Amino acid sequence: MKHSLYLTLFAVLATASVSQPFAGEPVQGIAAAATQPAVSAINGKLDTNYGAINRSSTRGVAGSLSLPLGQRFGAQLDGLYQHGFATNIYGLGTHFFARDPGKGLIGLVFSGTTSRKFTDAIVGMEGEYYFKKVTLGAVAGYNNYDSHVPTTFPGLATHQSFLAARLYAAVYPMDDLMVRLEYQSRFNHNFYIAHMELQTPIKGTAVYVDGGVGENGYAHVLGGVRIYFGGDKPLKDRHRQDDPSNVNTTFIGTNSAGSSDTESQPEAAEPVCGCTPG
């Protein structure tokens, strides 16, 4: 029942993304010729972060490279390295999407992360719909998760196949400030995340803070710096004209929860993994 609700919500968002009716005009959408390219130009970003997950420190770096594929389509490559709880996590991600920066985005997405504590792979669809000051978004797909250590989450010891879902609303009080509220479903459990990003007067430089809570005592707080490459523009335009969120960083926090013993003391805990926000 819960899975059906997620898929229904994603289908509604996807339909809105690819078709936007106008009074007295034929329906037009992302599949039609967009007035702006799906990706404005080759661009990228680099993140660094430091913080805590489940009361233990973590730090990492992530990056993305976005490429225009003609007028209507774009692609992005994501990468991640994170260190936390005496273990290393490596991630790769890909996006292939159609986008009209004035309407929305629809596409395919893949995320793969691995460490000696877990292996996590997600393949699915992503979509966004743009209002003037608000972006509504969703990611939903098949998730194969293999925990290599004992876990506090029921079901992970006997199951590896799940639905991963991410629903979010990003609000732009100013063009250089984003506040995002997010819900994630992982391993049939619930997580709630808040994220704020501010682009500073320093060209291409933004700062962010990210916090989340979830079932079985999961919690994280992180902050960091994000450097954008490829033009000078407001933060909202970067998000809608350049690069989608790094798929590794948006899911790494909750996949770390899958291999965490949240009842252990910080220094005595069995090494698990860290996280970094998208």
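Note that these values count all heavy atoms, side chains included, but never hydrogens, waters or copies made by symmetry. The shown structure was predicted, so the numbers you read here are calculated from the model rather than taken from an experiment.
Judged purely by atom type and a 3.5 angstrom limit, Lys236 has no side-chain atom pairing as donor or acceptor with the backbone of Met178. A donor-acceptor pair under 3.5 Å is formed between the side chain of Gln184 and the backbone N or O of Thr250. With Arg240 contributing its side chain and Leu105 its backbone, the two residues share no donor-acceptor pair below 3.5 Å. In terms of modelled atom types and a separation under 3.5 Å, the side chain of Glu182 and the main chain of Phe191 share no donor-acceptor contact. Side chain of Asp210 to main chain of Met196: no donor-acceptor pair is present (N/O by atom type, distance under 3.5 Å, no hydrogens or angles). Of the possible donor and acceptor atoms, one in the side chain of Gln76 sits under 3.5 Å from a partner among the backbone N and O of Pro244. Between the Asp243 side chain and the Ser66 main chain, no donor and acceptor come within less than 3.5 Å of each other. Remark: the backbone N or O of Leu235 is paired with a side-chain donor or acceptor of Asp176 at under 3.5 angstrom. In terms of modelled atom types and a separation under 3.5 Å, the side chain of Thr200 and the main chain of Thr205 share a donor-acceptor contact. Checking side-chain atoms of Arg180 against main-chain N and O of Ala170 turns up no donor-acceptor pair under 3.5 Å.
In the hydrophobic clustering of ILVMFWY residues, with side-chain heavy atoms under 4.5 Å counting as a link, Val134 and Tyr129 come out together. Two different hydrophobic clusters hold Val39 and Leu77 under the rule that ILVMFWY side chains link at heavy-atom gaps under 4.5 Å. With hydrophobic clusters built from ILVMFWY side chains whose heavy atoms lie under 4.5 angstrom apart, Val207 shares a cluster with Leu46. There is no path of hydrophobic side-chain contacts, each under 4.5 Å, that joins Phe96 to Leu67. Residues Phe162 and Tyr218 fall within the same hydrophobic cluster, defined by Ile, Leu, Val, Met, Phe, Trp and Tyr side chains chained together at heavy-atom separations under 4.5 Å.
Between Phe97 and Phe73, the gap from one ring centroid to the other reaches at least 6.0 Å.
The shortest non-hydrogen separation linking Ala62 to Thr249 is CB-CG2, 3.5 Å. The two residues Gly63 and Asn246 come nearest to each other via the heavy atoms O-ND2, 3.1 Å. Between Asp47 and Tyr208 the shortest heavy-atom distance is CB-OH, 4.1 Å. Between Ser111 and Asn248, the shortest heavy-atom contact is OG-ND2, 3.1 Å. The minimum heavy-atom distance between Asn49 and Val61, with the atom names listed, is ND2-N, 4.2 Å. Minimum interatomic distance between Asp78 and His95 (heavy atoms only, all atoms of both residues): OD2-NE2, 2.6 Å.
With values rounded to the nearest 0.5 angstrom, Glu128 atom CD is found 16.0 Å from Lys103 atom NZ. Once rounded to the nearest 0.5 Å, the distance linking NE2 of His195 with CG of Leu222 reads 10.5 Å. Distance NZ/Lys233 to CD/Gln241: 4.5 Å, rounded to 0.5 Å. Separating the OG1 atom in Thr114 from the OH atom in Tyr90 is a distance of 10.0 Å, to the nearest 0.5 Å.
No side-chain heavy atom of Phe251 sits under 4.5 Å from any side-chain heavy atom of Asn143. Between Ile227 and Lys203, the closest side-chain pair of non-hydrogen atoms is not below 4.5 Å. Side-chain contact between Tyr168 and Tyr183: absent, with no pair of heavy atoms (C-beta onward) separated by less than 4.5 Å. At a threshold of 4.5 Å between non-hydrogen side-chain atoms, the residues Leu65 and Ile42 count as touching. Between Tyr192 and Leu181, the closest side-chain pair of non-hydrogen atoms is not below 4.5 Å. Within the 4.5 Å cutoff, the side chain of Leu108 has no heavy atoms near those of the Phe110 side chain. Contact check for Glu126 versus Ser245: no side-chain heavy atoms found under the 4.5 Å cut-off.
Between His148 and Thr119, the side chains place a donor N or O and an acceptor N or O closer than 3.5 Å (distance only, hydrogens not considered).
Take Asp237 and apply the salt bridge (charged side-chain N to carboxylate O under 4.0 Å, His left out) test, not counting sequence neighbours, and it matches no residue. With sequence neighbours excluded, the residues forming a salt bridge (charged side-chain N to carboxylate O under 4.0 Å, His left out) with Asp120 are Arg186, listed by chain and number.
Applying the salt bridge (Lys or Arg N to Asp or Glu O under 4.0 Å) definition to pairs two or more places apart or across chains, none involves residues 81-90.
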Item to check | side chain to side chain donor-acceptor pair (under 3.5 Å) between Tyr172 and His239, intermediate numbers included | outcome: CA-CA 11 Å; Tyr172 296 85; His239 292 165; 2.8 Å; yes

Checklist entry - Yes or no on ring pair (Phe, Tyr, Trp, His ring centres under 6.0 Å) for Tyr145 and Phe187, after CA distance, side-chain angles and deciding distance? => result CA-CA 8 Å; Tyr145 188 95; Phe187 340 115; 4.8 Å; yes

Item to check | Audit row: Asn43, Tyr228, side chain to side chain donor-acceptor pair (under 3.5 Å) steps and yes/no | outcome: CA-CA 8 Å; Asn43 68 88; Tyr228 290 95; over 6 Å; no

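Of the listed residues (Arg116, Gln82, Lys117, His83), just one forms a side-chain contact (heavy atoms from CB on, under 4.5 Å) with Ile89, and that residue is Gln82.
Taking a cutoff of 4.0 Å between a charged side-chain nitrogen and a carboxylate oxygen, Asp242 and Lys45 do not qualify as a salt bridge.
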